[in-house]
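Let me begin by presenting the structure, written as C-alpha coordinates, before commenting on it.
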Amino acid sequence: MTITKFNKFLHGNSKEKKVFCYIFFAVALTVMILSFYWFRMVFQICMTFQSSQEILSYLLKPFVAASVFMTFLSALMKGSGILYLDKSIDLLFSYPIKTKTIVLSKLTLVYLWNVCISVALLIIPLLRYGSLQKERVMFWMIDFLQVLLIPMIPTLVGVLLGNILYRRLGNLFQLSSYSKSILYLLLFTAFFAFMLFFFGNVDFNALYKGIIVKFDFLNRTEKGILFSHNYNSNIFSVMSILAGMILTAYVIRTYKSNCAKVQLYSEKRKRIKIRCKRHTKLSSLFRRELKRYFSMPVYMLNTMLGIVSLILLTLYSCLKTESVIMYLKLIRMSFKVENTSILLVFAVSLLIILSNVTYASISIEGKQRELLKSYPISIKELLLAKYLFHLSLTVPVIFICAILLGIIFRMNVSECCLLFFLPAVFSAFVGALGLFINLIFPNYEWENVTYIMKQSISTIITILLSVLIVGGALWVTIQFFYTQILFASYILVFLFALLTVLIGILLRKASKTF
(Lines give C-alpha, C1' and ligand atoms only; values in the text may rest on other atoms or scores of the structure.)
Protein backbone atom coordinates (compact mmCIF):
# COMPACT_ATOMS: atom_id res chain seq x y z
CA MET A 1 0.00 0.00 0.00
CA THR A 2 2.96 2.30 0.57
CA ILE A 3 4.44 1.62 -2.86
CA THR A 4 1.13 2.16 -4.65
CA LYS A 5 0.52 5.35 -2.60
CA PHE A 6 -2.87 3.97 -1.58
CA ASN A 7 -2.22 5.04 2.01
CA LYS A 8 -2.57 8.64 0.88
CA PHE A 9 -6.11 7.88 -0.24
CA LEU A 10 -7.00 6.30 3.11
CA HIS A 11 -5.16 8.61 5.49
CA GLY A 12 -4.17 11.70 3.49
CA ASN A 13 -5.78 15.10 3.39
CA SER A 14 -8.39 16.07 0.84
CA LYS A 15 -5.81 17.39 -1.64
CA GLU A 16 -3.75 14.18 -1.51
CA LYS A 17 -6.88 12.08 -1.94
CA LYS A 18 -7.92 14.15 -4.94
CA VAL A 19 -4.50 13.84 -6.58
CA PHE A 20 -4.46 10.10 -5.92
CA CYS A 21 -7.91 9.65 -7.50
CA TYR A 22 -6.83 11.53 -10.63
CA ILE A 23 -3.64 9.50 -10.93
CA PHE A 24 -5.40 6.20 -10.23
CA PHE A 25 -8.04 6.97 -12.84
CA ALA A 26 -5.38 7.93 -15.41
CA VAL A 27 -3.33 4.79 -14.72
CA ALA A 28 -6.37 2.50 -14.82
CA LEU A 29 -7.66 4.04 -18.05
CA THR A 30 -4.23 3.81 -19.67
CA VAL A 31 -3.79 0.17 -18.66
CA MET A 32 -7.24 -0.73 -19.98
CA ILE A 33 -6.68 0.99 -23.33
CA LEU A 34 -3.19 -0.40 -23.87
CA SER A 35 -4.26 -3.89 -22.75
CA PHE A 36 -7.20 -3.87 -25.14
CA TYR A 37 -5.10 -2.98 -28.18
CA TRP A 38 -2.23 -5.24 -27.15
CA PHE A 39 -4.44 -8.30 -26.73
CA ARG A 40 -6.34 -7.44 -29.90
CA MET A 41 -3.15 -7.20 -31.96
CA VAL A 42 -1.67 -10.43 -30.51
CA PHE A 43 -4.96 -12.24 -31.10
CA GLN A 44 -5.01 -11.18 -34.75
CA ILE A 45 -1.43 -12.38 -35.20
CA CYS A 46 -2.17 -15.69 -33.46
CA MET A 47 -5.15 -16.37 -35.72
CA THR A 48 -2.87 -16.28 -38.79
CA PHE A 49 -1.14 -19.45 -37.58
CA GLN A 50 -2.84 -22.77 -38.21
CA SER A 51 -0.34 -25.06 -36.52
CA SER A 52 0.52 -25.41 -32.84
CA GLN A 53 4.18 -25.87 -33.79
CA GLU A 54 4.16 -22.49 -35.55
CA ILE A 55 2.73 -20.84 -32.44
CA LEU A 56 5.38 -22.52 -30.28
CA SER A 57 8.33 -21.59 -32.47
CA TYR A 58 7.46 -18.13 -33.69
CA LEU A 59 5.34 -16.65 -30.92
CA LEU A 60 5.72 -18.47 -27.62
CA LYS A 61 9.51 -18.75 -27.72
CA PRO A 62 10.16 -15.06 -28.57
CA PHE A 63 7.55 -13.98 -26.01
CA VAL A 64 9.17 -16.17 -23.35
CA ALA A 65 12.51 -14.48 -24.14
CA ALA A 66 10.86 -11.07 -23.85
CA SER A 67 9.22 -12.10 -20.57
CA VAL A 68 12.52 -13.28 -19.09
CA PHE A 69 14.21 -10.04 -20.08
CA MET A 70 11.43 -7.76 -18.82
CA THR A 71 11.03 -9.58 -15.49
CA PHE A 72 14.78 -9.60 -14.93
CA LEU A 73 15.02 -5.90 -15.73
CA SER A 74 12.06 -5.12 -13.47
CA ALA A 75 13.61 -6.99 -10.55
CA LEU A 76 17.03 -5.47 -11.23
CA MET A 77 15.83 -1.87 -11.30
CA LYS A 78 12.82 -1.92 -8.95
CA GLY A 79 12.80 -5.18 -7.02
CA SER A 80 16.23 -4.72 -5.47
CA GLY A 81 15.15 -1.26 -4.29
CA ILE A 82 11.96 -2.64 -2.70
CA LEU A 83 13.98 -5.18 -0.74
CA TYR A 84 17.12 -3.28 0.20
CA LEU A 85 16.26 0.44 0.00
CA ASP A 86 13.22 0.45 2.24
CA LYS A 87 13.39 3.50 4.54
CA SER A 88 11.41 1.70 7.24
CA ILE A 89 13.50 -1.46 7.29
CA ASP A 90 14.99 -0.70 10.74
CA LEU A 91 11.48 -0.28 12.11
CA LEU A 92 10.43 -3.61 10.58
CA PHE A 93 13.41 -5.35 12.18
CA SER A 94 12.34 -4.02 15.59
CA TYR A 95 8.91 -5.67 15.30
CA PRO A 96 8.29 -9.25 16.50
CA ILE A 97 8.32 -10.42 12.88
CA LYS A 98 10.64 -13.03 11.46
CA THR A 99 13.09 -11.90 8.81
CA LYS A 100 11.74 -14.66 6.58
CA THR A 101 8.29 -13.08 6.68
CA ILE A 102 9.63 -9.64 5.72
CA VAL A 103 11.66 -11.01 2.82
CA LEU A 104 8.89 -13.24 1.50
CA SER A 105 6.36 -10.42 1.60
CA LYS A 106 8.64 -8.14 -0.40
CA LEU A 107 9.63 -10.89 -2.83
CA THR A 108 5.97 -11.81 -3.32
CA LEU A 109 5.18 -8.24 -4.31
CA VAL A 110 7.97 -8.19 -6.92
CA TYR A 111 7.11 -11.69 -8.13
CA LEU A 112 3.40 -10.96 -8.59
CA TRP A 113 4.21 -7.86 -10.62
CA ASN A 114 6.47 -9.96 -12.87
CA VAL A 115 3.80 -12.65 -13.16
CA CYS A 116 1.47 -9.99 -14.54
CA ILE A 117 4.10 -9.16 -17.17
CA SER A 118 4.46 -12.82 -18.18
CA VAL A 119 0.71 -13.40 -18.30
CA ALA A 120 0.17 -10.28 -20.42
CA LEU A 121 2.77 -11.52 -22.93
CA LEU A 122 1.92 -15.22 -23.04
CA ILE A 123 -1.77 -15.70 -22.28
CA ILE A 124 -3.16 -15.16 -25.82
CA PRO A 125 -0.50 -17.25 -27.68
CA LEU A 126 -0.84 -19.96 -25.03
CA LEU A 127 -4.61 -20.16 -25.41
CA ARG A 128 -4.24 -20.37 -29.19
CA TYR A 129 -1.51 -22.99 -28.77
CA GLY A 130 -3.76 -25.10 -26.56
CA SER A 131 -6.78 -24.75 -28.84
CA LEU A 132 -4.81 -26.20 -31.77
CA GLN A 133 -3.86 -29.30 -29.79
CA LYS A 134 -6.01 -32.17 -28.66
CA GLU A 135 -4.37 -32.72 -25.33
CA ARG A 136 -5.65 -33.61 -21.90
CA VAL A 137 -6.49 -30.99 -19.30
CA MET A 138 -3.35 -31.93 -17.37
CA PHE A 139 -1.14 -30.45 -20.09
CA TRP A 140 -3.10 -27.19 -19.98
CA MET A 141 -2.47 -27.03 -16.24
CA ILE A 142 1.25 -27.66 -16.76
CA ASP A 143 1.41 -24.93 -19.41
CA PHE A 144 -0.13 -22.34 -17.10
CA LEU A 145 2.09 -23.51 -14.24
CA GLN A 146 5.10 -22.81 -16.42
CA VAL A 147 3.83 -19.28 -17.06
CA LEU A 148 3.91 -18.78 -13.30
CA LEU A 149 7.39 -20.29 -13.04
CA ILE A 150 9.00 -18.34 -15.89
CA PRO A 151 9.50 -15.11 -13.88
CA MET A 152 10.70 -16.88 -10.72
CA ILE A 153 14.41 -17.25 -11.50
CA PRO A 154 14.78 -13.90 -13.36
CA THR A 155 13.14 -12.14 -10.40
CA LEU A 156 15.47 -13.63 -7.80
CA VAL A 157 18.57 -13.21 -9.95
CA GLY A 158 17.60 -9.62 -10.74
CA VAL A 159 17.13 -8.79 -7.06
CA LEU A 160 20.48 -10.29 -6.10
CA LEU A 161 22.35 -8.75 -9.03
CA GLY A 162 20.76 -5.36 -8.34
CA ASN A 163 22.12 -5.49 -4.80
CA ILE A 164 25.57 -6.42 -6.10
CA LEU A 165 25.63 -3.64 -8.68
CA TYR A 166 24.46 -1.07 -6.14
CA ARG A 167 26.93 -1.94 -3.40
CA ARG A 168 29.52 -4.62 -3.89
CA LEU A 169 31.14 -3.67 -7.19
CA GLY A 170 31.87 -0.19 -5.92
CA ASN A 171 33.53 -1.51 -2.78
CA LEU A 172 35.32 -4.38 -4.47
CA PHE A 173 36.97 -2.45 -7.28
CA GLN A 174 36.76 1.03 -5.68
CA LEU A 175 35.28 2.42 -8.87
CA SER A 176 34.34 6.04 -9.24
CA SER A 177 30.68 6.92 -9.65
CA TYR A 178 31.24 7.52 -13.37
CA SER A 179 32.95 4.14 -13.82
CA LYS A 180 30.11 2.39 -12.02
CA SER A 181 27.55 4.09 -14.22
CA ILE A 182 29.38 2.98 -17.36
CA LEU A 183 29.69 -0.54 -15.93
CA TYR A 184 25.96 -0.64 -15.18
CA LEU A 185 25.16 0.51 -18.70
CA LEU A 186 27.51 -2.04 -20.28
CA LEU A 187 26.01 -4.89 -18.25
CA PHE A 188 22.50 -3.74 -19.11
CA THR A 189 23.36 -3.47 -22.82
CA ALA A 190 25.16 -6.83 -22.84
CA PHE A 191 22.18 -8.61 -21.30
CA PHE A 192 19.76 -6.89 -23.66
CA ALA A 193 21.95 -7.81 -26.66
CA PHE A 194 22.19 -11.41 -25.48
CA MET A 195 18.41 -11.70 -25.25
CA LEU A 196 17.94 -10.08 -28.65
CA PHE A 197 20.57 -11.98 -30.65
CA PHE A 198 20.44 -15.35 -28.91
CA PHE A 199 16.71 -15.80 -28.56
CA GLY A 200 15.74 -13.71 -31.57
CA ASN A 201 17.72 -15.80 -34.05
CA VAL A 202 14.79 -16.97 -36.18
CA ASP A 203 15.18 -17.98 -39.80
CA PHE A 204 12.57 -16.20 -41.93
CA ASN A 205 14.06 -17.01 -45.31
CA ALA A 206 11.39 -17.70 -47.92
CA LEU A 207 8.66 -17.80 -45.31
CA TYR A 208 6.57 -14.84 -46.41
CA LYS A 209 4.51 -15.04 -49.60
CA GLY A 210 1.84 -12.46 -50.33
CA ILE A 211 -0.03 -11.87 -47.08
CA ILE A 212 0.17 -15.47 -45.80
CA VAL A 213 3.04 -16.67 -43.65
CA LYS A 214 3.92 -20.29 -44.40
CA PHE A 215 6.31 -22.44 -42.41
CA ASP A 216 7.90 -25.69 -43.45
CA PHE A 217 8.33 -28.21 -40.62
CA LEU A 218 8.66 -31.37 -42.74
CA ASN A 219 12.41 -31.70 -42.36
CA ARG A 220 12.67 -30.05 -38.99
CA THR A 221 12.25 -31.47 -35.50
CA GLU A 222 11.58 -29.03 -32.71
CA LYS A 223 12.98 -29.78 -29.28
CA GLY A 224 12.19 -27.50 -26.41
CA ILE A 225 11.65 -27.34 -22.70
CA LEU A 226 8.73 -24.98 -22.30
CA PHE A 227 5.23 -26.00 -23.45
CA SER A 228 6.58 -29.12 -25.16
CA HIS A 229 4.08 -31.50 -23.47
CA ASN A 230 6.71 -34.11 -22.60
CA TYR A 231 9.02 -34.94 -19.72
CA ASN A 232 11.11 -31.83 -20.45
CA SER A 233 8.26 -29.65 -19.20
CA ASN A 234 8.16 -31.55 -15.92
CA ILE A 235 11.93 -31.24 -15.56
CA PHE A 236 11.73 -27.50 -16.13
CA SER A 237 9.00 -27.11 -13.52
CA VAL A 238 10.87 -29.14 -10.89
CA MET A 239 14.22 -27.42 -11.56
CA SER A 240 12.63 -23.96 -11.46
CA ILE A 241 10.98 -24.67 -8.12
CA LEU A 242 14.19 -26.09 -6.62
CA ALA A 243 16.33 -23.23 -7.91
CA GLY A 244 13.76 -20.72 -6.68
CA MET A 245 13.76 -22.26 -3.20
CA ILE A 246 17.57 -22.19 -3.04
CA LEU A 247 17.82 -18.57 -4.18
CA THR A 248 15.00 -17.51 -1.85
CA ALA A 249 16.75 -19.20 1.08
CA TYR A 250 19.96 -17.37 0.18
CA VAL A 251 18.18 -14.01 0.03
CA ILE A 252 16.59 -14.64 3.46
CA ARG A 253 19.84 -15.74 5.02
CA THR A 254 21.85 -12.74 3.79
CA TYR A 255 19.06 -10.15 4.03
CA LYS A 256 19.96 -8.43 7.30
CA SER A 257 23.66 -8.22 6.53
CA ASN A 258 23.00 -6.90 3.03
CA CYS A 259 20.58 -4.26 4.33
CA ALA A 260 23.18 -3.10 6.85
CA LYS A 261 25.88 -2.95 4.18
CA VAL A 262 23.61 -1.03 1.80
CA GLN A 263 22.87 1.54 4.51
CA LEU A 264 26.56 1.83 5.34
CA TYR A 265 27.48 2.21 1.69
CA SER A 266 24.80 4.88 1.18
CA GLU A 267 26.26 6.95 4.02
CA LYS A 268 29.80 6.78 2.69
CA ARG A 269 29.87 9.32 -0.09
CA LYS A 270 33.09 9.93 -1.85
CA ARG A 271 34.65 13.35 -1.56
CA ILE A 272 33.82 15.64 -4.43
CA LYS A 273 36.83 17.02 -6.28
CA ILE A 274 36.05 20.37 -7.84
CA ARG A 275 38.16 21.84 -10.62
CA CYS A 276 37.35 25.42 -11.38
CA LYS A 277 37.36 26.50 -15.02
CA ARG A 278 35.88 29.45 -16.78
CA HIS A 279 32.69 28.71 -18.75
CA THR A 280 29.54 30.50 -19.72
CA LYS A 281 26.55 30.01 -17.44
CA LEU A 282 24.71 27.80 -19.91
CA SER A 283 27.81 25.71 -20.55
CA SER A 284 28.45 25.32 -16.83
CA LEU A 285 24.88 24.25 -16.18
CA PHE A 286 25.06 21.78 -19.08
CA ARG A 287 28.30 20.28 -17.70
CA ARG A 288 26.67 20.09 -14.29
CA GLU A 289 23.79 18.04 -15.73
CA LEU A 290 26.23 15.80 -17.60
CA LYS A 291 28.37 15.05 -14.54
CA ARG A 292 25.41 14.42 -12.30
CA TYR A 293 23.75 12.14 -14.85
CA PHE A 294 26.74 9.83 -15.20
CA SER A 295 27.45 9.89 -11.46
CA MET A 296 24.02 8.43 -10.62
CA PRO A 297 23.70 4.89 -12.02
CA VAL A 298 20.01 4.65 -11.07
CA TYR A 299 19.26 7.88 -12.94
CA MET A 300 21.14 6.72 -16.01
CA LEU A 301 19.74 3.18 -16.16
CA ASN A 302 16.15 4.34 -15.77
CA THR A 303 16.48 6.75 -18.69
CA MET A 304 18.69 4.80 -21.10
CA LEU A 305 16.23 2.08 -22.08
CA GLY A 306 15.08 3.76 -25.29
CA ILE A 307 18.56 4.69 -26.48
CA VAL A 308 19.97 1.22 -25.79
CA SER A 309 16.96 -0.42 -27.46
CA LEU A 310 17.36 1.75 -30.56
CA ILE A 311 21.08 1.02 -30.85
CA LEU A 312 20.52 -2.72 -30.50
CA LEU A 313 17.64 -2.63 -32.98
CA THR A 314 19.96 -0.96 -35.49
CA LEU A 315 22.70 -3.54 -34.91
CA TYR A 316 20.21 -6.38 -35.15
CA SER A 317 18.85 -4.93 -38.39
CA CYS A 318 22.37 -4.86 -39.83
CA LEU A 319 22.90 -8.53 -39.05
CA LYS A 320 19.37 -9.89 -39.49
CA THR A 321 17.79 -7.62 -42.09
CA GLU A 322 15.46 -10.26 -43.51
CA SER A 323 14.21 -11.22 -40.06
CA VAL A 324 13.32 -7.61 -39.25
CA ILE A 325 11.54 -7.23 -42.59
CA MET A 326 9.50 -10.35 -41.95
CA TYR A 327 8.57 -9.16 -38.46
CA LEU A 328 7.43 -5.85 -39.94
CA LYS A 329 5.38 -7.66 -42.56
CA LEU A 330 3.87 -9.83 -39.86
CA ILE A 331 2.82 -6.72 -37.93
CA ARG A 332 1.53 -5.13 -41.14
CA MET A 333 -0.96 -7.95 -41.48
CA SER A 334 -2.91 -6.44 -38.57
CA PHE A 335 -3.17 -3.10 -40.38
CA LYS A 336 -3.64 -1.87 -43.93
CA VAL A 337 -0.31 -0.08 -44.25
CA GLU A 338 1.52 -0.96 -47.44
CA ASN A 339 4.79 0.78 -46.61
CA THR A 340 6.73 -1.27 -44.07
CA SER A 341 9.39 1.45 -43.81
CA ILE A 342 6.84 3.69 -42.07
CA LEU A 343 6.22 0.97 -39.50
CA LEU A 344 9.95 0.95 -38.78
CA VAL A 345 9.86 4.74 -38.37
CA PHE A 346 7.01 4.39 -35.89
CA ALA A 347 8.86 1.64 -33.99
CA VAL A 348 11.94 3.87 -33.66
CA SER A 349 9.72 6.74 -32.52
CA LEU A 350 8.13 4.63 -29.79
CA LEU A 351 11.49 3.37 -28.60
CA ILE A 352 13.06 6.81 -28.32
CA ILE A 353 10.36 8.22 -26.03
CA LEU A 354 11.45 5.65 -23.42
CA SER A 355 14.56 7.80 -22.88
CA ASN A 356 13.57 10.96 -21.04
CA VAL A 357 15.79 12.55 -18.39
CA THR A 358 13.62 15.59 -17.75
CA TYR A 359 10.79 13.99 -15.76
CA ALA A 360 13.04 14.02 -12.66
CA SER A 361 15.55 16.75 -13.51
CA ILE A 362 13.74 19.36 -11.38
CA SER A 363 13.09 17.10 -8.39
CA ILE A 364 16.68 15.90 -8.44
CA GLU A 365 17.85 19.34 -7.32
CA GLY A 366 16.47 18.50 -3.88
CA LYS A 367 17.97 20.62 -1.13
CA GLN A 368 20.20 22.44 -3.64
CA ARG A 369 17.14 24.23 -4.96
CA GLU A 370 17.45 27.14 -2.54
CA LEU A 371 21.17 27.39 -3.25
CA LEU A 372 20.51 27.57 -6.98
CA LYS A 373 18.01 30.35 -6.48
CA SER A 374 20.68 32.42 -4.75
CA TYR A 375 23.03 32.21 -7.75
CA PRO A 376 22.93 34.76 -10.60
CA ILE A 377 21.19 32.17 -12.77
CA SER A 378 17.74 32.61 -14.26
CA ILE A 379 15.24 29.77 -14.24
CA LYS A 380 15.16 30.01 -18.04
CA GLU A 381 18.89 29.19 -18.24
CA LEU A 382 18.50 26.31 -15.81
CA LEU A 383 15.58 24.77 -17.72
CA LEU A 384 17.29 25.32 -21.06
CA ALA A 385 20.42 23.50 -19.87
CA LYS A 386 18.34 20.53 -18.69
CA TYR A 387 16.41 20.46 -21.95
CA LEU A 388 19.52 20.69 -24.13
CA PHE A 389 21.14 17.89 -22.16
CA HIS A 390 18.11 15.68 -22.85
CA LEU A 391 18.32 16.42 -26.58
CA SER A 392 22.09 15.85 -26.60
CA LEU A 393 21.49 12.27 -25.48
CA THR A 394 18.78 11.36 -27.98
CA VAL A 395 19.21 13.41 -31.17
CA PRO A 396 22.76 12.22 -32.10
CA VAL A 397 21.71 8.60 -31.58
CA ILE A 398 18.60 9.13 -33.72
CA PHE A 399 20.69 10.74 -36.48
CA ILE A 400 23.24 7.91 -36.64
CA CYS A 401 20.62 5.14 -36.43
CA ALA A 402 18.45 6.86 -39.06
CA ILE A 403 21.34 6.91 -41.54
CA LEU A 404 22.19 3.25 -40.93
CA LEU A 405 18.60 2.02 -41.05
CA GLY A 406 17.91 4.10 -44.15
CA ILE A 407 20.84 2.47 -45.94
CA ILE A 408 20.01 -1.05 -44.73
CA PHE A 409 16.34 -0.94 -45.75
CA ARG A 410 16.99 1.12 -48.91
CA MET A 411 14.65 3.96 -48.00
CA ASN A 412 14.13 6.91 -50.27
CA VAL A 413 15.01 10.47 -49.26
CA SER A 414 11.58 11.33 -47.83
CA GLU A 415 11.49 8.16 -45.72
CA CYS A 416 15.04 8.72 -44.43
CA CYS A 417 14.20 12.31 -43.47
CA LEU A 418 11.05 11.12 -41.70
CA LEU A 419 13.09 8.47 -39.88
CA PHE A 420 15.12 11.30 -38.33
CA PHE A 421 12.57 14.09 -37.92
CA LEU A 422 9.68 12.14 -36.39
CA PRO A 423 11.66 10.49 -33.52
CA ALA A 424 13.58 13.75 -32.96
CA VAL A 425 10.37 15.77 -32.65
CA PHE A 426 8.86 13.16 -30.34
CA SER A 427 11.99 13.31 -28.19
CA ALA A 428 11.78 17.11 -28.07
CA PHE A 429 8.11 16.86 -27.12
CA VAL A 430 8.53 14.36 -24.26
CA GLY A 431 11.53 16.33 -22.97
CA ALA A 432 9.48 19.53 -22.73
CA LEU A 433 6.55 17.58 -21.29
CA GLY A 434 8.78 16.06 -18.60
CA LEU A 435 10.04 19.48 -17.52
CA PHE A 436 6.52 20.87 -17.39
CA ILE A 437 5.09 17.95 -15.36
CA ASN A 438 8.06 17.95 -12.99
CA LEU A 439 7.62 21.67 -12.31
CA ILE A 440 3.96 21.06 -11.44
CA PHE A 441 4.61 17.96 -9.30
CA PRO A 442 8.11 18.36 -7.83
CA ASN A 443 9.55 16.34 -4.96
CA TYR A 444 12.42 18.10 -3.20
CA GLU A 445 12.26 16.08 0.03
CA TRP A 446 13.61 12.78 -1.30
CA GLU A 447 16.19 10.81 0.67
CA ASN A 448 17.30 8.51 -2.12
CA VAL A 449 17.29 9.28 -5.83
CA THR A 450 15.63 5.92 -6.50
CA TYR A 451 12.30 7.20 -5.21
CA ILE A 452 12.02 10.14 -7.61
CA MET A 453 13.16 7.92 -10.47
CA LYS A 454 10.57 5.19 -9.99
CA GLN A 455 7.78 6.21 -7.64
CA SER A 456 7.23 9.96 -8.01
CA ILE A 457 4.00 11.40 -9.39
CA SER A 458 5.97 13.26 -12.05
CA THR A 459 7.50 10.04 -13.36
CA ILE A 460 4.17 8.21 -13.58
CA ILE A 461 2.29 11.06 -15.25
CA THR A 462 5.06 11.85 -17.76
CA ILE A 463 5.42 8.22 -18.87
CA LEU A 464 1.68 7.72 -19.16
CA LEU A 465 1.10 10.95 -21.10
CA SER A 466 4.07 10.27 -23.38
CA VAL A 467 2.84 6.81 -24.28
CA LEU A 468 -0.79 7.90 -24.62
CA ILE A 469 -0.16 11.00 -26.72
CA VAL A 470 2.58 9.61 -28.97
CA GLY A 471 1.08 6.12 -29.23
CA GLY A 472 -2.39 7.56 -29.81
CA ALA A 473 -1.14 9.86 -32.57
CA LEU A 474 0.61 6.98 -34.34
CA TRP A 475 -2.46 4.75 -33.99
CA VAL A 476 -4.75 7.41 -35.46
CA THR A 477 -2.32 7.88 -38.34
CA ILE A 478 -2.26 4.14 -39.10
CA GLN A 479 -6.00 3.62 -38.75
CA PHE A 480 -7.33 6.63 -40.66
CA PHE A 481 -4.55 7.82 -42.94
CA TYR A 482 -2.98 4.56 -44.11
CA THR A 483 -3.42 5.48 -47.78
CA GLN A 484 -1.37 8.68 -47.35
CA ILE A 485 0.65 7.63 -44.34
CA LEU A 486 3.90 9.29 -45.43
CA PHE A 487 2.26 12.68 -45.84
CA ALA A 488 0.28 12.22 -42.61
CA SER A 489 3.51 11.40 -40.76
CA TYR A 490 5.05 14.70 -41.85
CA ILE A 491 1.90 16.43 -40.61
CA LEU A 492 2.57 14.73 -37.26
CA VAL A 493 6.07 16.22 -37.24
CA PHE A 494 4.61 19.69 -37.73
CA LEU A 495 1.86 19.23 -35.12
CA PHE A 496 4.19 17.90 -32.44
CA ALA A 497 6.67 20.70 -33.14
CA LEU A 498 3.85 23.18 -32.50
CA LEU A 499 2.83 21.26 -29.38
CA THR A 500 6.42 21.42 -28.11
CA VAL A 501 6.48 25.19 -28.63
CA LEU A 502 3.17 25.47 -26.75
CA ILE A 503 4.59 23.53 -23.79
CA GLY A 504 7.63 25.81 -23.89
CA ILE A 505 5.32 28.81 -23.51
CA LEU A 506 3.54 27.13 -20.58
CA LEU A 507 6.92 26.49 -18.96
CA ARG A 508 7.29 30.21 -18.37
CA LYS A 509 4.30 30.22 -16.06
CA ALA A 510 5.13 26.89 -14.44
CA SER A 511 8.73 28.00 -13.75
CA LYS A 512 7.43 30.46 -11.13
CA THR A 513 6.79 27.49 -8.84
CA PHE A 514 10.49 26.56 -8.72
Side-chain angles (χ1 to χ4, degrees), residues 2-4 63-87 89 99-122 146-169 180 183-196 198-199 226 236 239-255 258-259 261-262 265 297-305 308-309 354 448-451 453-455 459-460 463:
T2 302
I3 291 175
T4 58
F63 279 7
V64 166
S67 175
V68 170
F69 168 72
M70 292 179 66
T71 53
F72 171 82
L73 189 62
S74 174
L76 178 70
M77 303 180 69
K78 190 175 181 66
S80 58
I82 292 175
L83 260 77
Y84 298 106
L85 294 177
D86 189 352
K87 294 186 292 184
I89 193 64
T99 304
K100 178 177 68 174
T101 304
I102 299 174
V103 176
L104 290 178
S105 65
K106 292 178 177 291
L107 279 177
T108 301
L109 178 64
V110 181
Y111 171 73
L112 289 178
W113 168 254
N114 287 341
V115 166
C116 293
I117 295 175
S118 296
V119 171
L121 289 173
L122 296 170
Q146 290 175 358
V147 174
L148 300 178
L149 295 177
I150 286 172
M152 181 180 293
I153 306 302
T155 298
L156 293 166
V157 173
V159 166
L160 291 171
L161 185 59
N163 178 47
I164 293 174
L165 292 178
Y166 180 78
R167 177 182 53 83
R168 294 185 180 178
L169 287 181
K180 285 186 289 183
L183 179 61
Y184 281 31
L185 183 59
L186 290 176
L187 289 173
F188 169 68
T189 307
F191 182 81
F192 198 173
F194 172 78
M195 298 300 299
L196 180 64
F198 183 78
F199 290 100
L226 290 169
F236 168 80
M239 295 298 294
S240 296
I241 294 173
L242 290 177
M245 293 174 62
I246 294 172
L247 290 174
T248 302
Y250 177 78
V251 173
I252 295 172
R253 183 178 180 181
T254 60
Y255 186 66
N258 283 338
C259 284
K261 292 177 182 178
V262 165
Y265 177 74
V298 175
Y299 191 14
M300 186 182 65
L301 282 180
N302 277 271
T303 55
M304 271 289 179
L305 178 60
V308 172
S309 302
L354 299 178
N448 190 295
V449 72
T450 304
Y451 298 103
M453 290 293 111
K454 300 177 180 180
Q455 301 178 16
T459 300
I460 297 172
I463 294 175

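In what follows, residues are counted from 1 in the order of the sequence shown.
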Donor-acceptor contact below 3.5 Å, side chain Ser74 vs main chain Met70: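 Checking the backbone N and O of Met70 against the side chain of Ser74, no donor-acceptor pair under 3.5 Å is found.
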Side-chain donor or acceptor of Tyr255 paired with backbone N/O of Tyr250 under 3.5 Å: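 No: the side chain of Tyr255 does not pair with the backbone of Tyr250.
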Pair Ser118-Ser67, side-chain donor/acceptor within less than 3.5 Å: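 Yes, side-chain donor-acceptor contact under 3.5 Å.
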Distance, nearest 0.5 Å, that separates [atom1] of [X] from [atom2] of [Y]:
X	Y	atom1	atom2	value
Ile246	Ile241	CD1	CD1	12.0 Å
Leu148	Gln146	CG	CD	10.0 Å
Met245	Thr248	CE	OG1	8.5 Å
Leu122	Ile117	CG	CD1	11.5 Å

For a 4.5 angstrom cut-off between non-hydrogen side-chain atoms, does [X] reach [Y]?
X	Y	answer
Thr71	Val115	no
Ile82	Leu107	no
Leu83	Val251	yes
Leu149	Met152	yes

Looking at every heavy atom in both [X] and [Y], which two are closest together, and how far apart are they?
X	Y	value
Leu160	Leu247	CD1-CD2, 4.0 Å
Leu121	Phe63	O-CD2, 3.0 Å
Pro151	Tyr111	CG-CE1, 4.0 Å

Residues Leu161, Phe72; criterion side chain to side chain contact (heavy atoms under 4.5 Å, CB included); working and verdict: CA-CA 10 Å; Leu161 185 59; Phe72 171 82; 3.5 Å; yes
Stepwise side chain to side chain contact (heavy atoms under 4.5 Å, CB included) check, Ile252 with Leu104: CA-CA 8 Å; Ile252 295 172; Leu104 290 178; 4.2 Å; yes
Of all pairs that satisfy salt bridge (Lys or Arg N to Asp or Glu O under 4.0 Å), the ones with a partner from residues 104-117, not counting sequence neighbours: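 Passing the test, one end in residues 104-117: Asp86-Lys106.
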